[in-house]
Amino acid sequence: MTIRVIIVDDQAMVRAGFAALLTAQSDIDVVGEAPDGRKGVEVSRTVHPDVVLMDVRMPEMDGLAAARELLGPPAGVVHRPKVLMLTTFDVDDYVYEALRAGASGFLLKDAPPADLISAVRIVAAGEALLAPSVTRRLIADFARQRPAAPSGGSALRLNGLTPRETEVLELIARGLSNQEIAARLVLAEQTVKTHIGKVLAKLGLRDRAQAVIFAYESGLVTPGEA
């Protein structure tokens, strides 16, 4: 099955480069592009892509606002693509908010070409794209800048987890991969995946990205902890 992609970036050279790279793959088809978030939303609702590569900073409408429109569409709009944010480390705040809005992850703009191709496939398959150590830095830095008191609702939701599930959630937020969590807890990797699935279901979270954010916002993990 071919993965339909649109590229939203205000730099024409970036769009052209990404398009050339992705269309060279037999399982990926670039079906549109746009120079800003507003046009990106319009193109997406016209061609119905599986994945939107979305730059964070753009004129007219930035990537965060566009991601919110695509992932929380008005009544009558049923298509919701996966959104993969394109960013650099100097826009941490925007990426954090995009993940909260439901983006499937982020990719650094200077990542190797193979990482871009892999990212599109991972996101299209319904997985969250998180480089664990990078994600830990991203969320921890943001939480340190804007600390928030845990809400009572978050605490109650945490109480619904078993001790093992809570432990797994904490390790996810600390930046460990499934393999690393399995080694730390002396579990099979498949067992870790099962625990993660239960954590997401119990907390009403869509993917691993939102699980990381929930762990920080609930106070389970705090910035600066080892």
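In what follows, every heavy atom counts, from backbone to side chain, and hydrogens, waters and symmetry copies are set aside.
- Put simply, CG on Leu116 and CG on Leu84 are 7.5 Å apart, with the number rounded to the nearest 0.5 Å.
- Arg157 places a side-chain heavy atom less than 4.5 Å from the side chain of Phe214.
- Here the straight-line distance linking atom OG of Ser218 with atom CG of Asn159 works out to 10.5 Å at 0.5 Å rounding.
- Here the closest heavy-atom approach between residue Ala173 and residue Ala215 is recorded as CB-CB, 3.4 Å.
- A donor-acceptor distance shorter than 3.5 angstrom exists from the side chain of Asp36 to the backbone of Arg38, with no hydrogens or angles considered.
- Going from atom CE of Met85 over to atom NZ of Lys109 covers 10.5 Å, rounded to the nearest 0.5 Å.
- Within the 4.5 Å cutoff, the side chain of Val5 has no heavy atoms near those of the Phe18 side chain.
- Two residues are said to be in side-chain contact when any heavy atoms from C-beta on lie closer than 4.5 Å; Met58 and Pro35 fail this criterion.
- Side-chain contact between Glu69 and Arg45 is present, with at least one heavy-atom pair separated by less than 4.5 Å.
- Ser44 and Val52 get closest at one heavy-atom pair: OG-CG2, 4.1 Å.
- Nearest approach of Val83 to Met54, heavy atoms of both residues: CG1-CB, 4.0 Å.
- One hydrophobic cluster, built from ILVMFWY side chains closer than 4.5 Å, holds both Val8 and Val47.
- A distance of 4.0 Å separates CD1 of Ile172 from CD1 of Ile196, quoted to the nearest 0.5 Å.
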Could you walk me through whether Val51 and Ile28 pass side chain to side chain contact (heavy atoms under 4.5 Å, CB included), step by step? CA-CA 10 Å; Val51 177; Ile28 300 175; over 6 Å; no

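- Note that the CG atom of Leu107 and the CD1 atom of Ile122 stand 9.5 Å from one another [nearest 0.5 Å].
- With contacts defined as side-chain heavy-atom distances shorter than 4.5 Å, the pair Asp9/Leu53 does not qualify.
- Side-chain contact check for Val56 versus Leu64: every heavy-atom pair is 4.5 Å or farther apart.
- The pair Lys39-Glu42 does not count as a salt bridge, with every side-chain nitrogen at least 4.0 angstrom from each carboxylate oxygen.
- For the residue pair Thr23 and Ala19, the shortest heavy atom distance occurs at OG1-O, 2.7 Å.
- Atom CG of residue Asp27 and atom CZ of residue Arg121 lie 4.0 Å apart, to the nearest 0.5 angstrom.
- Across all their heavy atoms, Thr166 and Leu158 have their closest contact at OG1-O, 4.3 Å.
- Formation of a donor-acceptor pair under 3.5 Å by the Asp50 side chain with backbone atoms of Arg4 is found in this model.
- Here Glu165 does not pair with Lys198 in a salt bridge; the nearest charged N to carboxylate O distance is not below 4.0 Å.
- With contacts defined as side-chain heavy-atom distances shorter than 4.5 Å, the pair Leu22/Ile3 does not qualify.
- Screening Asn178, Ile181, Leu187 against Lys193 for a side-chain contact (heavy atoms from CB on, under 4.5 Å) leaves a single residue, Asn178.
- The two residues Leu71 and Ala103 come nearest to each other via the heavy atoms CD1-N, 3.4 Å.
- Using a 4.5 Å heavy-atom threshold, the side chains of His195 and Leu185 count as separate.
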Please determine whether side chain to side chain contact (heavy atoms under 4.5 Å, CB included) holds for the pair Thr162 and Lys202, giving the CA-CA distance in whole Å, both sets of side-chain angles, and the decisive distance to 0.1 Å. CA-CA 10 Å; Thr162 66; Lys202 287 184 177 181; 3.9 Å; yes

